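What you see is a predicted model, and the numbers here were worked out from it, not measured in a lab. One-based numbering, in listed order, for ligands and for the atoms of each. Residues take their numbers from the sequence shown, with the count starting at 1.
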Amino acid sequence: MARALLTGFEPFGGSEINSSWEIAVRVGQLSPKGVVVETMQLPVSFKCAGEAIRKTLRENQPNVLVMLGQRGKGTSIDIERIAVNLMDSVNPDNDGCQPQEQAITADGEAAYFSNLPVKVLRDALLQKSILARVSNSAGLYVCNSTYYNALEEIQKHQLSTKAVFVHLPKIGADFPLAMLMEAVKTIIETVITIGKDEQIG
Ligand code: PCA
């Protein structure tokens with residue numbers, strides 16, 4: 001059976017919860033079809049989140065990595081296509097770091113793309129009438145840098161892990177908990193279906 005790692009972030013910026021972790025932990029218990037899902041909470045720390053995701057990827061080599069983050073002002077479920085090699089933050093992370101126009105990896109690639117077909121994932125959500133789009137920027141804060149670290153690690157070590165980052169809006173009237181859970185479960189199941197054709201896992 002394929003193994004998926006589903007990550008979410010701890011709260012940040014004075015909030016009590018982070019929708020990404022609330023959803024990750026619940027979807028982990030849902031047992032999506034054809035896959036064993038492990039969940040992991042990441043710190044909102046440029047340094048520690050990057051190190052943690054790299055270590056887990058190397059040690060556990062999951063078949064699938066779905067990383068979730070919260071986009072506070074998000075009005076859709078955003079399937080992130082790309083991570084760029086830049087940190088530039090308006091607010092400090094939970095360690096008090098606030099890098100300004102700094103590379104994530106000195107002399108690293110300018111950017112990495114998801115190695116999954118992002119439009120297929122978006123369409124799987126639209127088919128269920130869940131508002132989703134492909135996003136071409138995960139921002140320049142901790143989500144982007146964690147995504148970059150993950151994709152670079154996969155590339156550098158030639159791992160077979162298929163990875164994508166998804167920004168979720170806050171849980172609320174427009175995006176109730178059940179809808180966000182259904183969305184993330186659908187993404188995982190769609191990745192597994194794609195993988196059957198490509199022999200993931
Ligand atoms: N969202 C932030 C970091 C953690 C999270 O959930 C971001 O979009 O970078």
* Asked: Can you find an N or O of Cys143 that's nearer than 3.5 Å to an N or O of ligand 1?
  -> yes
* Derivation of the side-chain contact (heavy atoms from CB on, under 4.5 Å) call for Glu109 and Tyr148 -> CA-CA 10 Å; Glu109 293 287 332; Tyr148 183 91; 4.0 Å; yes
* Flag the pair Arg3 and Glu38 as a salt bridge only when some basic side-chain nitrogen lies within less than 4.0 angstrom of an acidic carboxylate oxygen. => no
* Structure fact -> Note: ligand 1 atoms sitting under 4.0 Å from heavy atoms of Val142 are 9 (O)
* Just wondering, more than 12 heavy atoms not from Gln100 lying within 6.0 Å of its CD? -> yes
* To do: Give the intermediate values and the outcome of side chain to side chain donor-acceptor pair (under 3.5 Å) for residues Ser76 and Asp78.
  => CA-CA 6 Å; Ser76 58; Asp78 295 348; 2.6 Å; yes
* Structure fact -> protein heavy-atom neighbour closest to atom 1 (N) of ligand 1 works out as Gln70 O, 2.9 Å
* Asked: Hey, mind stepping through Phe46 and Ser89 against side-chain contact (heavy atoms from CB on, under 4.5 Å) and telling me if it holds?
  -> CA-CA 10 Å; Phe46 284 101; Ser89 62; 4.0 Å; yes
* To do: For His167, take its heavy atoms, then give the atoms of ligand 1 lying under 4.0 Å from any of them.
  => 7 (C), 8 (O)
* Asked: Is any side-chain N of the basic residue among Lys55 and Glu51 closer than 4.0 Å to the acidic one's carboxylate O?
  -> no
* To do: Give the atoms of ligand 1, by number and element, whose distance to some non-hydrogen atom of Gly69 is under 4.0 Å.
  => 6 (O)
* Atoms in ligand 1 with a heavy atom of Asn18 nearer than 4.0 Å -> 5 (C), 6 (O)
* Structure fact -> Counting heavy atoms under 4.0 Å, the part of Arg71 that contacts ligand 1 is neither
